[in-house]
Amino acid sequence: MNTSIDFIPIDYDYFDFNGKSYIKLIGRTSDKKRICVVDSFDPYFWAILKDNTPEKRIKEIQNKISKIKIKSSSRTTSIIKTELHNKKFLGKDVKAIKIFITNYKDGHAVADKLGMKEIIARRGYDIRLLSKYIIDKKITPLTWYKVSGEIIDNEDFGGIANIDVDLCIKADEIKKAEEQIPFTPKVLAFDIEADEFEIGKGHVIMISLVSDNFKKVLTWKHCKIKQDFVECFKDEEDMLEAFIEYIKEQDPDIITGYFSDGFDLPYLRARAVHNKVKLALGLDNSQPKFARGRIPSARTSGIVHIDLFRFIQTAYSQYLQSETLGLNDVASELLGESKIEFEHSRKKKRTEQEWKDFFEYNLQDSLLTYKLFQKAWCDISEFSKVIQEPLFEVTRDTMATNSENYTLHNLDKYNEIPEKKPIHDEISARRARPRYQGAFVLQPEPSLYENLAIFDFTSYWPSIIVTFNLSRATLLSKKQKDSIQVDLGEEKVYFSKEQSFFAKILGEIIEKRKLYKQQYNKNPSPITRARSNAYKLLANASYGYLGFFGARYYCPEAGASATSISRDFIKKTIDIMNKNKYKVIYSDTDSIAFLLNKHSQTQALKLLEQINKNLPGIMELDLEDFYKRGIWVTKRSGEFGAKKKYALINQKGKMKIRGFETVRRDWCRLAREVQNNVLNLILKNGNEKKALEYLKETIKKLKKREIEKKQLIIRTQLKKPISEYKANTPHIAIAKQMQEKEMPIDIGMLIEYYIAESKNKKDRIRDKAKLPEENLPYDIDYYLNNQILPAVENIFQVFDIKIKDIIAGGKQATLF
DNA sequence: GACTTGGAGGTACC
DNA sequence: ACTGGTACCTCCAAGTC
């Protein structure tokens with residue numbers, strides 16, 4: 001029976017039937033029905049021919065290729081057809097044979113059989129099948145399509161339609177729908193609690209679920225008290241079964257957790273195995289599949305599993321102030337809501353009240369995850385649409401991969417054959433490459449300054465890459481007439497002037513970013529904001545990508561050229577500013593901080609306009625802000641100005657602090673707060689007097705032991721396994737103690753400690769480092785000399801005040 | 001044993 | 001192993017006198 005229906009693809013999958021690859025799309029119709037669409041697809045790859053291969057010989061090669069067969073136990077892969085095309089590869093015109101094969105998995109094996117000497121390269125067999133499908137058929141995620149085809153019944157394709165959907169269609173034609181109505185997916189958030197931290201070691205004692213008008217905590221542990229959202233089960237097995245049932249009943253498009261790839265789903269899997277329960281979360285009742293990788297990704301068939309943590313890590317972390325990317329910090333910052341405070345006591349007995357709190361706590365985690373997801377949905381879906389990769393991939397891929405995928409999805413416009421991924425040996429060689437010289441940083445003169453402004457280049461790296469056409473495809477082996485020359489110190493490199501697909505694609509990204517930013521400013525909406533942000537992130541990833549060892553279009557020469565050009569332009573601009581009687585105080589990479597001296601703001605903006613007129617290509621200098629005051633300090637060692645450390649206050653009284661201990665999470669809160677307040681008082685008042693008074697007060701409090709312990713906790717991240725550390729630093733000493741006490745330890749976690757007083761003078765800092773739970777008097781000297789004073793010393797130094805003398809003097813005075 | 005110095009380690013800036 | 005390079009600073013560990 002034939003039918004035609006509107007639908008939006010959400011989940012992408014593929015399967016084999018009779019040795020051939022098929023695509024399986026799961027989506028919703030406009031009347032909210034869930035459907036599956038099976039689409040056929042002839043995967044292909046490219047064999048690039050040597051220049052001037054005679055046509056007769058090409059025919060022979062095509063003939064030979066057509067006869068290739070790859071036999072394995074489960075299938076025989078053969079060549080469907082071959083076609084000769086005029087293509088481009090790395091910007092050069094080439095003739096290439098397009099080879100269609102029945103099963104994409106054997107692409108590599110087929111490519112290996114192409115030993116003919118006229119075939120100089122084989123490309124396009126290392127792109128994921130789903131990406132290849134989207135590139136070829138242009139079925140973009142989260143976009144409405146009209147699909148017509150035959151309804152499949154349960155026997156077709158070996159029972160592929162035997163899944164929990166309303167309808168399955170074998171597509172004859174999929175056309176983009178004329179009307180694109182907004183789509184809101186049905187989402188279910190979940191979170192588990194276990195009695196042991198290590199995966200699978202203990203039991204899952206409760207699971208919370210939150211969806212639209214749905215809140216539940218499932219447990220089997222403590223069933224005496226009644227909370228309306230708590231549902232009790234006989235044992236862990238029953239609870240797991242109920243969890244699966246509830247997901248089926250809720251019928252979500254997306255299930256989401258926070259770090260659920262790394263914790264919740266692996267734990268559930270382990271407990272399901274232990275209890276002999278099939279964790280049938282997929283629409284086809286399959287269990288989650290874990291891909292390999294540093295954090296294995298858990299894929300549930302037909303329902304997209306999104307680990308929000310991973311998306312936040314790649315897309316948001318650089319814009320977040322949070323010190324960790326834990327649920328609590330991120331939810332506080334983005335939602336203004338926190339987790340419920342609850343002590344995971346290690347004692348086995350909990351009181352009635354503690355159980356009640358525990359259930360609330362568990363529910364709140366799912367609730368926060370649910371709300372965070374709603375907040376992030378616009379960004380996630382726009383990301384998926386812009387990059388044209390499915391939700392599952394786009395929420396887990398790093399920015400380098402996302403950016404590369406964007407390129408791969410746009411190559412067709414330029415008739416380009418994709419470059420291959422580097423293989424093992426090549427990666428090692430690339431990783432061994434010495435670093436190339438980076439950006440320019442101007443050494444500041446330490447002082448308190450008044451009346452400043454900052455100019456900065458908009459999208460500096462991308463604008464340089466586009467303007468100077470820096471890329472793998474345009475890199476020349478030697479100088480040519482009309483080529484762009486870049487000086488890299490010892491050597492020179494050359495790029496062709498003819499714009500490459502790489503520069504064009506990046507230029508387009510920058511254009512779109514501009515467009516959506518303008519649209520957003522005119523008419524703010526979450527969608528235009530998300531779109532603008534997606535393009536911004538893509539643009540920002542382009543420079544790092546050039547030097548990234550895993551990149552298809554790896555080109556360190558282009559990266560080094562970009563930095564070389566960046567140094568030239570920033571230095572030239574600094575010169576212009578100084579020659580026009582502005583005094584440049586500081587500069588880092590793409591920004592210039594300067595004194596207006598006697599100039600007005602209008603005059604400064606005129607100069608900005610002037611400078612912009614002389615900038616090439618799409619390069620552009622912009623006003624960042626005007627500032628009332630700013631302070632730069634000396635390095636702790638030596639009397640020179642410290643780079644990457646300054647504090648500013650603008651006309652509205654808003655502070656901008658960079659690099660100072662205030663913004664460093666590995667300093668205790670006391671030191672950070674004191675420094676922040678000192679900077680604030682100095683910048684507001686224009687002198688150090690009030691700041692000095694305040695400092696003295698605080699030191700008095702410290703000496704009287706009036707400072708709360710939580711102000712004194714130092715947090716340091718554990719970055720690798722304890723055994724790999726060479727030095728026994730305080731945070732490692734504490735991590736070892738935690739290990740002995742069987743406290744949960746994991747790479748990436750923040751180790752917390754404080755420094756306690758000790759009678760033994762030979763004790764090192766690590767000997768005095770104590771776990772926060774230990775109740776010992778804090779070491780006044782340490783917090784004074786190693787935390788507070790270092791944080792404020794060089795700030796007062798600017799006013800020629802030697803804080804140490806004053807403190808020592810104060811000490812004597814009290815003695816007398 | 002006191003002091004210096006190099007480097008491991010962590011975190012921030014752009 | 002999962003974008004690049006530049007920079008600051010602490011604390012340990014080993015070397016010097």
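Note on naming: letters A, B, ... go to the chains in the order of the sequence lines (proteins, then strands), and numbering restarts at 1 for each one.
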| request: Verify the contact: side-chain N or O of A:His731 to OP1 or OP2 of B:dG10, cut-off strictly under 4.0 Å; return yes or no. | output: yes

| request: Take the protein atom CZ of A:Arg658 and the nucleotide atom C1' of C:dA7, then report the distance between them rounded to whole Å. | output: 15 Å

| Nearest-Å distance for atom pair CD1/C1', residues A:Ile295 and C:dA1 | 12 Å

| request: Find the distance A:Asp763:CG to C:dC11:C1' and express it as a whole number of Å. | output: 15 Å

| Contact class for A:Asn728 (heavy atom, under 4.0 Å): base, sugar-phosphate, or nothing? | sugar-phosphate

| field | Interatomic distance where CZ belongs to A:Phe660 and P belongs to C:dA7 [whole Å] | value | 17 Å

| task | Determine, for A:Phe569 and A:Lys572, whether the Lys NZ or Arg CZ falls below 6.0 Å from the six-membered ring centre while staying within 45 degrees of the axis. | result | yes

| task | Name the nucleic acid region contacted by A:Gly550, choosing base, sugar-phosphate or nothing; use a 4.0 angstrom heavy-atom cut-off, strictly under. | result | nothing

| request: Look at all strands and tell whether A:Thr401 reaches a base, only sugar-phosphate, or nothing, counting heavy atoms closer than 4.0 Å. | output: nothing

| task | Determine: side-chain N/O of A:Arg435 to OP1/OP2 of C:dG5, distance under 4.0 Å, yes or no. | result | yes

| task | Can you sort out which residues in residues 710-726 of chain A have a heavy atom within less than 4.0 Å of DNA chain B? Ascending by number, please. | result | A:Thr716, A:Gln717, A:Lys719, A:Lys720, A:Tyr725, A:Lys726

| request: Give A:Gly438 one of three labels, base, sugar-phosphate or nothing, depending on what nucleic acid heavy atoms sit under 4.0 Å from its own. | output: sugar-phosphate

| message | Considering every strand and a 4.0 Å limit on heavy-atom distances, what is the contact class for A:Arg433: base, sugar-phosphate, or nothing? | response | sugar-phosphate

| Any chance NZ of A:Lys710 has more than 12 other-residue heavy atoms, nucleotides or ligands included, within less than 6.0 Å? | no

For nucleotides 8-10 of chain C, tabulate all protein N/O to nucleotide N/O atom pairs closer than 3.5 Å, reporting atom names and distance.
residue, atom, partner, partner atom, Å
C:dC9, OP1, A:Arg636, N, 3.4
C:dC9, OP1, A:Lys645, NZ, 2.9
C:dC9, OP2, A:Arg636, N, 2.9
C:dT10, OP1, A:Arg636, NE, 2.9
C:dT10, OP1, A:Arg636, NH2, 3.2

| Which part of the nucleic acid does A:Tyr646 contact within heavy-atom distance under 4.0 Å: base, sugar-phosphate only, or nothing? | sugar-phosphate

| task | Test salt bridge (charged side-chain N to carboxylate O under 4.0 Å, His left out) on A:Arg658 and A:Asp588 and set out the steps. | result | CA-CA 12 Å; A:Arg658 292 290 118 101; A:Asp588 185 347; over 6 Å; no

| Checking A:Lys571 against A:Phe440: charged group under 6.0 Å from the ring centre and within 45 degrees of the axis? | yes

| said: Can a side-chain donor-acceptor contact be found between A:Tyr554 and A:Arg433 if the only test is distance below 3.5 angstrom? | reply: yes

| For the pair made of CG in A:Asp456 and C1' in B:dC13, what is the distance, rounded to whole Å? | 13 Å

| message | Using a heavy-atom cut-off of 4.0 Å across all strands, would you classify A:Gly659 as base, sugar-phosphate, or nothing? | response | sugar-phosphate

| note | Of the candidates C:dC12, B:dT11, C:dG5, the side chain of A:Tyr436 sits closest to C:dG5

| message | Donor-acceptor check, side chain of A:Arg715 to backbone of A:Leu750, threshold 3.5 angstrom: yes or no? | response | no

| Phosphate OP1/OP2 of B:dG10 contacted by A:Arg665 side-chain N/O (<4.0 Å) | no

| task | Taking the six-membered ring of A:Phe392 (Phe, Tyr or Trp), confirm whether the NZ or CZ of A:Arg396 is under 6.0 Å from its centre and within 45° of its axis. | result | yes

| message | I want to check a possible cation-pi pair here: A:Lys720 against A:Tyr725, using under 6.0 Å from ring centre and within 45° of the ring axis as the test. | response | yes

